[in-house]
4 protein chains.
Amino acid sequence: MDLTSRQMEIIQAATQLISERSIQELTIKNLSARIGVTEAALYRHFRSKVDILVAILEQFREHGEVVRREALQRNAGPMELLEFIFLTHVRTFVEKPYLADVVFSEEIFQNEDRLADMVRSMMQQNFDAFVGMMRQGQQAGSIRNDIAAVELTTIFVGALRMLITRWRLQRFTDNLEHDGVSMWKALQRILST
Amino acid sequence: MDLTSRQMEIIQAATQLISERSIQELTIKNLSARIGVTEAALYRHFRSKVDILVAILEQFREHGEVVRREALQRNAGPMELLEFIFLTHVRTFVEKPYLADVVFSEEIFQNEDRLADMVRSMMQQNFDAFVGMMRQGQQAGSIRNDIAAVELTTIFVGALRMLITRWRLQRFTDNLEHDGVSMWKALQRILST
Amino acid sequence: MDLTSRQMEIIQAATQLISERSIQELTIKNLSARIGVTEAALYRHFRSKVDILVAILEQFREHGEVVRREALQRNAGPMELLEFIFLTHVRTFVEKPYLADVVFSEEIFQNEDRLADMVRSMMQQNFDAFVGMMRQGQQAGSIRNDIAAVELTTIFVGALRMLITRWRLQRFTDNLEHDGVSMWKALQRILST
Amino acid sequence: MDLTSRQMEIIQAATQLISERSIQELTIKNLSARIGVTEAALYRHFRSKVDILVAILEQFREHGEVVRREALQRNAGPMELLEFIFLTHVRTFVEKPYLADVVFSEEIFQNEDRLADMVRSMMQQNFDAFVGMMRQGQQAGSIRNDIAAVELTTIFVGALRMLITRWRLQRFTDNLEHDGVSMWKALQRILST
DNA sequence: AATGAATGAGGATTCATTCAT
DNA sequence: CATGAATGAATCCTCATTCAT
């Protein structure tokens, strides 16, 4: 997935476009206008519009993986891992709010089978990774045992998404960083033994 | 918002279309074909495509209100209220899976200002209602006090949405009813004192 | 051409609609809405939209004839006839400004052969009547003889039309009655010996 | 207003279409068919249909200005100026009869505010220029003084328009050039002292 | 008389994409 | 690499008209 700098420019512009206006506004015309080239020029860099969307999803997958890998390298317990991931996600959105509109909007990509499949598998992969961490925490005794890992994960991921969704629907007016920390503290209290 | 039977037929077909195919496939052509009339015929029942989407949202708003009102009439404590609402929503989706694709997909409606505003206010109204219940429960002593009502609501609503989202992305293969009950039990354990 | 009262109501509404908005806005929908009936209802009174336009033109033809007949009954010389007709037309427009938009707008009816033919023959008939008057005046010695009747008529009719056209394009802000009298005095000076 | 050759081709085709069939027949479909391209192709050259109409009007405005400027460069008295302009207009229509249908048909453009405003201001600008010439002639003693310049202009412009209108309604069968010269001679006799 | 529902044809415009230059 | 011009299919929507009630 080595992207040229032009390709990266395109998918960033595309992401912003989706965020600022909605997926319906992500047209080849709008996209090329934003970058400042002709519509035809885009086809030098991507074979089709779907390929651009695939690249966007691919980038998210990689971002998720990077965050998880970074977390693992810290050699900390599951609880610290979850904290790191939670807060890193929050900070990513604080820095690049436009990502929020895309990253939690699976519906956007239901359009094409290829895209819907990618979303499905990413979500699954992500979810499974969290379930794994939960289980480890439960075995290690740092995470409560009276609720199954799947439910705990649903709560954890659901809370993160809900936090972002509300912030997003209020057009980024809340202080997400602050609310994120509060939210994590609540989750911590709930998850830990 | 009294809808004629034809109007109801249209918004139901529209909802299913969004669910089965995605919002991009909700075209006047597809919609009229599904109902078995001409495109022009739709315009006798709705003034525009946006009006159809507004009617869909309106229907959801009413459904939410009905569920909340029903819950309140049961004269039960906040905890029982939340249970009723949680499980009623789950059952609604079990019965009409296609609703799930629309009801939790705010992104779908970001297209038009009028729609985006409706989604925003519905979400807010809904969330506030839950925060109110949480506060009552906290005052009555049935809901834990060490976590703020807003965070508890984020967890509650987030978990419900996450549950549905996963089920939906797996194309409704899980047993949602069963998972919903498990999920509620987990939430109950978490929320109660 | 005996019109029922409903038919008269329709062609008056149609005339106003053309005037206020332009011929493009004269749709069966707009027209029926203005009258307060269903679109289908109009077809009880006219067999088609073209028939409505024909009725409008017919009404104008009759109006022109009535004015000319009235003028003739006054048993006056050609010069007084022209004055009567000129000022009567001006006063008709002062009273019903919306007529002005239609009566001098042949282009509006170029759409359909039947209508274009009507306009053509009305214009011709009208013009010929004026040429006749001019000739009579020339023979009687009250109208100048050094310019042919056709040219004098072109000037006479052209000036009337131009007066109305300017007033119309300025959205009826000038005092047409006053300008009309001035214009007639100028024409009088020019036409008479 | 520098037009590409394709743009000029389009507005010429549009002008002819209006002339041959009427404004209602000026559809993107008809227009593109006449040029021999797809409907979509037109949108590379004009942003909308209204823009095409604006370009047509703009072209007329420029034509009028060119004629007036040419006239002024001849360094002749007002009477010669009026003659030049009158006969030049007549000859323009003799060469391009299809223009006649558009150039004196303000009604055609009442459809859209932007267009109606253009027509209004063009007409006003044109009229004022003639009033100015009349006044100059009156001061110089070559144009009669007993009738106000506005009335003389109304007669002059009205006669020109009437001449063209009749010729047009008779589907260009008369000898316009010949009738134009006669008409000018009549006007000359009327205007001069 | 009038309505409500429907239709088929056509309106302007936008879409992703292609291709010669 | 990029452009300008083009395309065919699709978009939403409006038109005049019809017909059973």
Side-chain angles (χ1 to χ4, degrees), chain A residues 4 6-7 24-32 35-53 111-112, chain B residues 4-7 9-10 24-32 35-53 111-112, chain C residues 4-7 24-32 35-53 111-112, chain D residues 4-7 9-10 24-33 35-53 111-112:
Chain A
T4 66
R6 197 53 144 178
Q7 282 175 318
Q24 265 98 323
E25 300 278 332
L26 180 66
T27 64
I28 297 294
K29 189 178 192 180
N30 288 163
L31 187 51
S32 56
I35 293 171
V37 296
T38 313
E39 292 156 80
L42 289 190
Y43 287 86
R44 286 270 143 201
H45 304 284
F46 285 99
R47 289 181 45 194
S48 74
K49 186 180 162 183
V50 168
D51 279 35
I52 295 175
L53 290 167
N111 198 21
E112 254 255 344
Chain B
T4 65
S5 67
R6 196 54 141 177
Q7 283 177 319
E9 190 185 356
I10 292 170
Q24 265 99 324
E25 300 279 329
L26 179 66
T27 64
I28 296 294
K29 191 175 204 163
N30 289 162
L31 187 51
S32 56
I35 295 172
V37 295
T38 312
E39 296 175 47
L42 289 191
Y43 288 88
R44 193 144 296 271
H45 304 284
F46 285 100
R47 287 176 52 165
S48 73
K49 186 181 162 182
V50 167
D51 277 36
I52 295 175
L53 291 167
N111 198 22
E112 253 256 343
Chain C
T4 66
S5 67
R6 197 53 145 176
Q7 281 176 320
Q24 265 97 324
E25 301 277 334
L26 180 65
T27 63
I28 297 294
K29 189 179 189 179
N30 289 163
L31 186 51
S32 57
I35 295 172
V37 297
T38 311
E39 293 156 81
L42 290 190
Y43 288 86
R44 285 269 143 200
H45 304 284
F46 286 100
R47 288 183 43 195
S48 74
K49 185 181 164 182
V50 168
D51 279 35
I52 295 175
L53 290 166
N111 199 22
E112 254 256 343
Chain D
T4 65
S5 67
R6 195 54 141 177
Q7 282 176 319
E9 191 186 355
I10 292 169
Q24 266 98 324
E25 299 280 327
L26 179 66
T27 65
I28 296 294
K29 191 174 206 163
N30 288 163
L31 187 50
S32 56
I35 294 172
V37 296
T38 312
E39 299 173 47
L42 289 191
Y43 287 87
R44 193 143 298 269
H45 304 284
F46 285 100
R47 288 175 51 167
S48 72
K49 186 180 162 182
V50 167
D51 278 36
I52 294 175
L53 291 167
N111 198 22
E112 253 256 343

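Numbered from 1 within each chain, the chains take letters A, B, ... in sequence-line order. Side chains are part of it too, since the values below use all heavy atoms of this structure and drop only hydrogens, waters and symmetry mates. Just so it is clear, the model here is predicted, and its values are computed rather than measured.
Here F:dA5 is the nucleotide among E:dT7, F:dA16, F:dA5 with the atom lying nearest to any side-chain atom of A:Ala40. In the set F:dC13, E:dT13, F:dA16, the nucleotide with an atom closest to the side chain of D:Tyr43 is E:dT13. You'll find that the side chain of A:Ile28 is closest to E:dT17, out of E:dT17, F:dA2, F:dC12. The side chain of C:His45 sits closest to E:dA2 out of E:dT17, F:dA5, E:dA2. Taking only side-chain atoms of C:Val37, from C-beta outward, the nucleotide of F:dA2, E:dA2, E:dT3 with the closest atom is E:dT3. Here the nucleotide nearest the side chain of A:Ala41, chosen from F:dT7, F:dA2, E:dT17, is F:dA2.
At a threshold of 4.0 angstrom between heavy atoms, the contacts of C:Thr38 include nucleobase atoms, whether or not backbone atoms are also involved. No contact: D:Leu42 has no heavy atom under 4.0 Å from any strand. Residue C:Ile35 is out of contact with every strand shown, counting any heavy-atom pair closer than 4.0 Å.
With the nearest nucleotide of DNA chain E identified for both A:Val50 and D:Thr27, D:Thr27 has the one nearer the 5' end. Two residues, C:Leu26 and B:Asn30, neighbour DNA chain F, and the one matched to the more 5' nucleotide by heavy-atom proximity is B:Asn30. Between C:Glu39 and B:Glu39, the residue anchored closer to the 5' end of DNA chain F is B:Glu39, taking for each the nucleotide with the nearest heavy atom. Between B:Thr4 and A:Arg47, the residue whose closest nucleotide on DNA chain E is further toward the 5' end is B:Thr4.
A salt bridge links C:Glu39 with B:Arg44: the closest approach of a Lys/Arg side-chain nitrogen to an acidic carboxylate oxygen falls below 4.0 angstrom.
When all heavy atoms of C:Tyr43 and C:Ile28 are compared, the pair lying nearest together is OH-CG1, 3.7 Å. D:Leu31 approaches D:Ile10 most closely through the heavy-atom pair CD1-O, 3.9 Å. Annotation for D:Gln24 and D:Thr27: closest pair O-CG2, 3.8 Å, computed over non-hydrogen atoms. When all heavy atoms are compared, the tightest approach of D:Ile35 to D:Glu9 is CG2-OE2, 3.6 Å.
Nucleotide E:dA20: paired with F:dT3 (Watson-Crick or G-U wobble, both distances less than 3.5 Å).
Whole-Å rounding puts the B:Lys49 NZ to F:dC12 P distance at 4 Å. For the pair C:Leu31 CG and F:dC15 P, the computed distance is 12 Å after rounding to whole Å. Taking atom CD of C:Glu25 as the reference point, atom C1' of E:dG11 lies 14 Å away to the nearest angstrom. In this structure, D:Asp51 atom CG and E:dA12 atom C1' are separated by 13 Å, rounded to whole Å. Rounded to whole Å, atom P of E:dG11 lies 15 Å from atom CG of D:Asn111. As rounded to whole Å, 15 Å separates atom C1' of F:dA5 from atom CZ of D:Phe46. If you measure from atom CZ of A:Arg44 to atom P of F:dG4, you get 15 Å, rounded to the nearest angstrom. The distance between atom NZ of A:Lys29 and atom C1' of F:dT11, rounded to the nearest whole Å, is 14 Å.
Put simply, D:Arg6 has no side-chain N or O that comes within less than 4.0 Å of OP1 or OP2 on F:dG4.
Considering NE2 of D:His45 and OG of D:Ser32, their distance stands at 11.5 Å, rounded to 0.5 Å.
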